[in-house]
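Naming: A, B, ... by sequence-line order, numbering from 1 per chain. Fair warning: this is a prediction, and the values are worked out from it, not measured in the lab.
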2 protein chains.
Amino acid sequence: MATPDWLPAEIRDRARLRALAAGECLFHQGDATVAIFLVETGRLQLVRHAGGARQVILHTARAGDMFAEAALFSPVYHCDAVATAASQVRVYPKRALLAALRRDPGVAARFMELLAHQVHALRARLQERDIRSARERVLHHLALAAGPDGRTVSLDGTLMDLAAEIGLTHEALYRALAALEKDGTIERTASGIALRDAV
Amino acid sequence: MATPDWLPAEIRDRARLRALAAGECLFHQGDATVAIFLVETGRLQLVRHAGGARQVILHTARAGDMFAEAALFSPVYHCDAVATAASQVRVYPKRALLAALRRDPGVAARFMELLAHQVHALRARLQERDIRSARERVLHHLALAAGPDGRTVSLDGTLMDLAAEIGLTHEALYRALAALEKDGTIERTASGIALRDAV
DNA sequence: CGAGTGATTGACTTAGATCAATGACCGTGG
DNA sequence: CCACGGTCATTGATCTAAGTCAATCACTCG
């Protein structure tokens, strides 16, 4: 699953799968960059060691997330990647990838498109965090996550995952959903959530 | 200022500057895409009209921010861009940009690099928002924003801007900074903030 | 000099985090 | 086949840190 459709078949098919135990390290800050990665299962944290003993978590990559893309343009990794749960990551060698990007403008264009969309999605998630009210934040998220009909949101993961994604505790999310359902703003079905008409 | 160094001189030099009054609209959702933009001064909001009367703010672009990059890969804009203050935006025509990206692999590589770095920065800001405590959030931000020495952070904008960037009210930021200074974790200078050694 | 903006601090309130308990469900191993 | 451990969903009670409102001071700019 989550096979990237943007990269050429010869790279996609040759990409190794690397298994990591919980706590295991995929690469260290300062290591020469050799690949970028896609999380197939599990969870990795990207951690930067700043001045002194300070550790700064830069990102938590979950199933489906690509990470270390910037490694393509840097000789060394700028953070550690540590599995915080048993994980499997797909490994895309930098050398082959760069060659493909240089050789085939179509591949390059699709990669740029992917990155541009990620930038957008991240900006939207960030803007979402500026909404303090749990209720409004949830509504904002549902409106964005709604399918083409603009109303129905299918829930694939758990509500706990959703809560983490929008930056609420799961309790706060449950309560917000319960309140929204009670006052008729949303309807909950087995497969997801439906937005009722806004007035 | 903020002149993008990644795009070829012929595009950079030919780019028009467009002035917008507060409330004026730069483009509408559904318009054919003709350009991407860089905010020189002011502030623009990107707003999507979802199902019904729902409006979702996707992003607020400030001075120095590029926006609508994804327009390069879409025939139409997927949101409105509205100036929420009198603004000036640099206009980079899509046609010329795409041609340059296709023609010159070096330009394409630098653009990919820019996008990859943006993705990183955004992920880090998002992760930062997962920190609930104002104190810890501020420390996280300072550690990341620290210069090469890992200690000193130069403040260019106002503290109010900083507060907005890290998702706190300015009062909360002032208090957090005051507390950090009182217990000796940071030192404040005219030009910025210095982190003391972590124990 | 007044108007406007930023920095700062105080007082108060509240929404969401935290802690806790319960029930449903699901796979698994004896 | 069923008891058991685990995860998820849900709700209640409580607490607190951050938001909100408000006032003051310093500073700049025309």
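Aromatic ring orientation, A:Y77 versus A:F37: tilted (interplanar angle from 30° to 60°).
For B:R14, the CZ atom sits in a loose shell: 12 or fewer heavy atoms of surrounding residues, nucleotides or ligands are nearer than 6.0 Å.
Ion pair B:E24/B:R18 flagged as a salt bridge, since at least one NZ, NE, NH1 or NH2 atom sits closer than 4.0 Å to an Asp/Glu carboxylate oxygen.
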*Go through the steps to decide whether B:R43 and B:T60 satisfy the test side-chain contact (heavy atoms from CB on, under 4.5 Å), and finish with yes or no.*
CA-CA 7 Å; B:R43 195 176 57 225; B:T60 304; 3.6 Å; yes
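Taken over five-pair windows at either terminus, the axes of the helix from C:dC1-D:dG30 to C:dG30-D:dC1 are inclined to one another by 40° (rounded to 10 degrees).
For the pair B:L162 CG and C:dT8 C1', the interatomic distance rounds to 15 Å; values are reported in whole Å. Put simply, CE on A:M160 is 13 Å from P on C:dT18, counting in whole angstrom units.
Two residues are said to be in side-chain contact when any heavy atoms from C-beta on lie closer than 4.5 Å; B:L173 and B:V138 meet this criterion. Between A:V153 and A:I186 the shortest side-chain heavy-atom distance does not fall below 4.5 Å. Inter-residue side-chain proximity for A:L97 and A:I11 is flagged as met; some heavy-atom pair is nearer than 4.5 Å.
Annotation: salt bridge (charged side-chain N to carboxylate O under 4.0 Å, His left out) contacts involving residues 115-135 of chain A, sequence neighbours excluded, comprise A:R123-B:E69, A:R129-B:D130, A:D130-B:R129, A:R135-A:D183.
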*asked:* Return a single string for nucleotides 10-28 of chain D, one symbol per nucleotide in 5' to 3' order, where B is base contact, S is sugar-phosphate-only contact and - is none, cutoff 4.0 angstrom on heavy atoms.
replied: BBBB----SSBBB------
